Undergrad: 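Before I ask anything, let me first share the structure, which is written out below as structure tokens.
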Number of protein chains: 2
Amino acid sequence: MLQANADIDNSEALTERQKAVLDAVLRLLVEEGDQLTMTAVARRASCSKETLYKWFGDRDGLLTATVQWQASKVRVVPVDGKGLDLAWLTASLEGFASDWLKVISSDTSIALNRVAISHAGSGKDNLGAVVLENGRFALARRLKPVLEAGRHAGLLEFTDAETAFRSFFGLVARDVQIRLLLGDRLELTEATIGGDAVRATQQFLALYGAKTGRKASDS
Amino acid sequence: MLQANADIDNSEALTERQKAVLDAVLRLLVEEGDQLTMTAVARRASCSKETLYKWFGDRDGLLTATVQWQASKVRVVPVDGKGLDLAWLTASLEGFASDWLKVISSDTSIALNRVAISHAGSGKDNLGAVVLENGRFALARRLKPVLEAGRHAGLLEFTDAETAFRSFFGLVARDVQIRLLLGDRLELTEATIGGDAVRATQQFLALYGAKTGRKASDS
DNA sequence: GCCGAACCGTAACGTACGGTACGCTTCCAA
DNA sequence: TTGGAAGCGTACCGTACGTTACGGTTCGGC
């Protein structure tokens, strides 16, 4: 199982200059993928290679720091447990779906996932674990309380929150991420994402909504 | 959009020796990921590097040939349109789900997708397009006739087969592929796959099944 | 038996790139 | 003013690897 903990929010320890360097790495990663060279980073960030090695150790350290830096930036706001009625639940789910689609279709996410996947192949570091931890697992951690709240309010029915979450995940993401990672041109406009979020949410409610007050189904 | 056509079944043009070489590449790819070297391939396949270059042009050509060779091997049997009742439809969908889960969780698929994704980052070749074409799009081409048949028989209700397919895809795959690609240990046993296939099928039928004769729902 | 094609094994070449060393400038702080 | 830390730019080193070259071997055709 992936190691989750550790290095949660070491973004504190980064100076502004270092953050700027990592942003440069991010931009470079988006532009030309994993074959970015230390020389290119140094040139783009207007710093010396020696500084890069002093700050980040080696190339993998730089990549890891970049992934974590990006992760620390997308730390989203926790959902507010206001109403706890169906409208609130629906809005929350649609919000999660929309946010997630925006994330996985962003250039940055695609680039980062690509490099993490490449590295996962040659098990050198745990870049994949970091990405997973700050992506799919972070989403689950944030969404599950909402699902539990929905169940507690009698709006949802499920026995295992993890299973319910994974169904929601599947209904939202479908084939989007793998297609984008493999280079498929798939323009997700704001409107498309909004529509998909609504559809996914409705489908999820159809599957896991409480039978009272909503046509539901299960097996 | 991805170019689909061309090189459909150039596996004819491969000699047995060449196929053996590509199988060696496949094995090597599974074992040590994308950082396989031409020297390693030559050693493993007991052939000379000169031969590799004569046959496949360069490293990318070798990789492309390998991906296509693997793709030509997994050409599955078309589903037989026998009964056209609910049992047949359910069994077909479960079969598709099970097959797909087996594919995406196989070492070979993971390794191939990883290298294709890496290459998609640095848009050198169209490895990603080849993988997509023989993976997700091939699945859609095989499944859609089943969905259409189900609709024609009054068992399914949907307006767009593509949308219905993507929902099915999402319900089946969920987070499995991205987790595996990112290096998450996720053992999919035969039993797990079978259960997931049944669950995904039931959920799909709940969403897209005709309202008559089955508890259905939609928005 | 002989020739050439195909191919194996290996040595060699060139380059790209990770990592290091060093000189120079800037900028505090004593 | 000066010493030193931090950092920039660049030259340099070592190595890994893609690619090429070449000698030796097998084998089918004459």
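Letters A, B, ... mirror the listed sequences (proteins, then strands); counts begin at 1. Given the structure is predicted, the values throughout are model-derived calculations rather than measurements.
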Undergrad: Within the 4.0 Å heavy-atom criterion, would you say Arg43(B) contacts the bases, only the backbone, or no part of the nucleic acid?
TA: nothing
Undergrad: Between the side chains of Arg44(B) and Glu32(B), is the shortest nitrogen-to-carboxylate-oxygen separation below 4.0 Å, so that they form an ion pair?
TA: no
Undergrad: My understanding is that only one of Phe168(B), Phe158(B), Phe165(B) makes a ring pair (Phe, Tyr, Trp, His ring centres under 6.0 Å) with Phe204(B); could you say which?
TA: Phe168(B)
Undergrad: Could you check whether Asp107(A) pairs with Arg114(A) (Lys NZ or Arg NE/NH1/NH2 to Asp/Glu carboxylate O, under 4.0 Å)?
TA: no
Undergrad: Identify the two heavy atoms, one from Arg199(A) and one from Ser167(B), that lie closest to each other, and give their separation to 0.1 Å.
TA: NH1-OG, 4.2 Å
Undergrad: Report each atom pair, protein N/O against N/O of nucleotides 13-17 of chain D, whose distance is under 3.5 angstrom.
TA:
none

Undergrad: Checking Asp34(A) against Arg59(A) for the salt bridge (charged side-chain N to carboxylate O under 4.0 Å, His left out) test, could you report, in this order, the C-alpha distance in whole Å, the side-chain angles of both residues, the deciding distance, and whether it holds?
TA: CA-CA 11 Å; Asp34(A) 193 13; Arg59(A) 188 173 183 276; 3.5 Å; yes
Undergrad: Between the protein and nucleotides 24-28 of chain D, which nitrogen or oxygen pairs are less than 3.5 angstrom apart?
TA:
none

Undergrad: Hey, which of these two, Asp60(A) or Cys47(B), hits DNA chain C nearer its 5' end, going by closest nucleotide?
TA: Cys47(B)
Undergrad: Which heavy atom of Phe96(A) sits nearest a heavy atom of Arg142(A), and at what distance?
TA: CE2-NH1, 3.3 Å
Undergrad: Tell me, with the steps shown, if Asp23(A) and Lys73(A) meet salt bridge (charged side-chain N to carboxylate O under 4.0 Å, His left out).
TA: CA-CA 11 Å; Asp23(A) 278 331; Lys73(A) 288 199 296 187; 3.1 Å; yes
Undergrad: So for Lys49(B) and dT10(C), does any side-chain atom that can act as donor or acceptor lie under 3.5 Å from a complementary atom in the base?
TA: no
Undergrad: Look at Arg136(B) together with Asp184(A) and state whether they make a salt bridge at an N to O cut-off of under 4.0 Å.
TA: no
Undergrad: Does Glu94(B) offer a backbone N or O that forms a donor-acceptor pair with the side chain of Ser98(B) under 3.5 Å?
TA: no
Undergrad: Calculate, to the nearest 0.5 Å, the distance between atoms CG and CG belonging to Leu22(B) and Leu28(B) respectively.
TA: 12.0 Å
Undergrad: Rounded to the nearest angstrom, tell me the gap between atom CZ in Arg17(A) and atom P in dT26(C).
TA: 16 Å
Undergrad: At a heavy-atom distance below 4.0 Å, what parts of residues 50-58 of chain B sit against DNA chain D?
TA: Glu50(B), Tyr53(B), Asp58(B)
